[in-house]
Structure formats: C-alpha cells, structure tokens
Amino acid sequence: MGNENEKEEVSELPIVIPLVVYHGESKWRFPLHLGGFLNGFEEMPQHVKEYLPNFHYLLYDLSDYSDEEIKGNAQLRIMLKLLRDVATKSTEEFLRSFYEASHALLEIEDKQKGIEFFEITLRYVFNAVRDLTKKDMEQIARQIETTFPEGSEVAMTLADILREEGMQEGLEKGRQEGASQALAKTALQLLTEKFGALPEDLRENIRQADLATLETILQNIFKYQSLDEVKKFFKH
C-alpha cells in the first residue's frame, strides 16, 4: 500500500482544444491541421500516419473580423482590435482605431486595473508603431484626457519615458559607432606598419568589424606573426 499522504497519481490528461490567433499583413494561408505542416506527411503510408499527430486547430484570423464581431470584455476587445489593425493600417488609421477602442476602457469598473491595462496597451502601441512622432504621442495624450481621464497622466509620462529611452538608445548607438570607427582606424594603421600594405578585403572587414572584435585584435596585435592570424576573425 502506498502512503496515504502521497498525492493521487494523475491517470488522465486534460482536454486541450488548440487554437491559433493570427494577425498579419496578409491572410492565413496555411493548412488547418498539423499534418499539413509536416514535411512529406501526405505521401506517407497510412500505417505510418497513425503514429503522427494530425489534429485540427481552430483559427482566429483577426483580419476577417469586424468591430461588431469582436466580442468579450473591454480588455479583450481592445487588444483584439489593436492586433487586427497594427499590421494592416497606416499609422493615422491605426491611431484612429486606438482612439475608438480606448472608449471601452470606461467599461472597466476597477479604475486602477483600467489604468494598469491602459499602460500595457500604450506600451504595445508605442513599440509596435515604429514611426510614431512626438506630435502623435502628444495627440494620444490629449485624446486620452478626453476619453479616459484616469489614464491621461500615464499617457504623458509613458510617452516622455519612451521618447527619452529612444534618445538614449540613439546616443549609445552613436557612441559605439564612433568608438568602432576609431578602433578600426587604429588597427589598420598598426597592422599596416607591421605587415605592409593590407589586402582590400581585410581592410573592409576591419572597417565593418564590431567593437568587441576590434578590441580583441588590438589587444593581441603585437603577438601576430602573420596576417592569417588576423583573417581568422572574419572567417564564417
């Protein structure tokens, strides 16, 4: 007999109905059963197919759904509409969809939860729509002040934060590019002094090398006996 305190063993698996929620620039063009994704599945003998998974799945291609057909609570409707429109509409059209969808935030009784969900939604918008301008962000903030006043401060603060993050990323990228150019120039000068004229393909590889590679080359530059030891960094 087993220990009565031991957990009861699970003898059955739960039922799982697979579904795919798809949003993209074009419609879903793939089979609606798993076997259709398996290389050579249709040509396999039946006695082999019996051992392979070939279940069907439910497809929700959001591009086929109108606003009226998207049901559920406020959070679900907002996210489904944004997912549907982000890849298929222009920035102006998508922002219009965002404003319309944001009206559903008023249905959320718990305003704190509404604000938290709103922040998640805004982060998605600011990251998914890459060509948003400062003017667009300010317009979003103004629109939210009217539609969902509780979230207006979040909108303005988040827009400032993301814009600042973008500026910092740009500055950091600029610093790295400047450092790489300086190290590449130094590496070319030292290698030329040591080995004479360098092959053009090697010169180009050094100009295009990343910061870590250039640092490694320079750290060992006085140990190299031939250019082959340098070329090994660019063999793929």
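One is the number of the first residue; the rest follow in order along the sequence. In what follows, every heavy atom counts, from backbone to side chain, and hydrogens, waters and symmetry copies are set aside.
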Is it the case that atom CD in Glu92 sees more than 12 heavy atoms from other parts of the structure closer than 6.0 Å? no
What's the spacing between Asn73 CG and Phe117 CZ if we round to 0.5 Å? 8.0 Å
Counting distance only, does the side-chain N/O of Gln189 pair as donor-acceptor with the main-chain N or O of Thr186 below 3.5 Å? no
Is it true that, when you exclude Lys231 itself, more than 12 heavy atoms of the residues, nucleotides or ligands shown sit nearer than 6.0 Å to its NZ? yes
Check for me, please, whether Val20 and Leu34 land in the same ILVMFWY cluster - side-chain distances under 4.5 Å, paths through other members count. no
Taking the six-membered ring for Trp, are Trp28 and Phe37 parallel (under 30°), tilted (30 to 60°) or perpendicular (over 60°)? tilted
Main-chain N/O of Ser97 paired with Glu100 side-chain donor or acceptor, under 3.5 Å: no
Any chance you could measure Leu191, atom CG, to Ile217, atom CD1, to the nearest 0.5 Å? 7.0 Å
I need the Phe94 CZ to Arg96 CZ distance, nearest 0.5 Å. 12.5 Å
Considering all heavy atoms of both residues, which atom of Leu58 and which atom of Ile17 are nearest to each other, and what is their separation? CD1-CG2, 3.9 Å
On a heavy-atom basis, which atom in Pro18 and which in Val16 lie closest, and how many Å separate them? CD-O, 3.5 Å
Taking all non-hydrogen atoms of both residues into account, name the closest pair between Gly36 and Asn54 and its distance. N-OD1, 4.4 Å
Provide the closest heavy-atom pair for Ala74 versus Ala104 in the form atom of the first, atom of the second, distance. CB-O, 3.2 Å
Given Phe98, which of Asp85, Ile78, Leu82 fulfils the side chain to side chain contact (heavy atoms under 4.5 Å, CB included) condition? Leu82
Check whether any side-chain N or O of His23 sits under 3.5 Å from a backbone N or O of Arg84 as a donor-acceptor pair, and report yes or no. no
Any Leu59 side-chain heavy atom under 4.5 Å of Tyr22 side chain: yes
Within 6.0 Å of CG in Leu19, more than 12 heavy atoms from elsewhere: yes
Is the backbone of Ala209 close enough, under 3.5 Å, to the side chain of Thr213 for a donor and an acceptor to pair up by distance? no
Please work out whether the ring planes of Phe233 and Tyr224 are parallel, tilted or perpendicular, with thresholds of 30° and 60°. perpendicular
Check whether any side-chain N or O of Glu200 sits under 3.5 Å from a backbone N or O of Leu198 as a donor-acceptor pair, and report yes or no. no
What pair of heavy atoms forms the shortest contact from Leu52 to Met44, and how long is it? CD1-SD, 3.3 Å
Would you indicate whether Phe195, at its atom CZ, is surrounded by more than 12 heavy atoms from other residues, nucleotides or ligands within a distance under 6.0 Å? yes
Taking atom CD of Glu107 and atom CD of Gln75, what is their separation to the nearest 0.5 Å? 9.5 Å
Trace of the side-chain contact (heavy atoms from CB on, under 4.5 Å) decision for Lys185 with Leu188: CA-CA 5 Å; Lys185 183 176 180 180; Leu188 288 171; 5.8 Å; no
Start with the C-alpha gap between Phe234 and Ile206, add the side-chain angles, then the distance that decides, and say whether side-chain contact (heavy atoms from CB on, under 4.5 Å) holds. CA-CA 9 Å; Phe234 306 107; Ile206 291 174; 4.0 Å; yes
Should Lys27 and Asp64 count as an ion pair when the cut-off is N to O under 4.0 Å? yes
Has Glu69 got a side-chain atom pairing as donor or acceptor with Ser66's backbone, closer than 3.5 angstrom? yes
Without swapping roles, check the side chain of Arg77 against the backbone of Gly72 for a donor-acceptor pair under 3.5 Å. yes
Considering all heavy atoms, the nearest Tyr99-His103 contact: O-ND1, 2.9 Å
Hey, could you give me the CG/CD distance between Leu214 and Gln208, rounded to the nearest 0.5 Å? 10.5 Å
Determine, step by step, whether Glu42 and Lys49 satisfy the side-chain contact (heavy atoms from CB on, under 4.5 Å) criterion, reporting the C-alpha distance in whole Å, the side-chain angles of both residues, the deciding distance to 0.1 Å, and the verdict. CA-CA 9 Å; Glu42 297 300 337; Lys49 289 183 179 180; 3.9 Å; yes
Could you give the distance from NZ (Lys81) to OH (Tyr65), rounded to the nearest 0.5 Å? 14.5 Å
Does one hydrophobic cluster hold both Leu32 and Phe30, with members joined at side-chain heavy-atom distances below 4.5 Å? yes
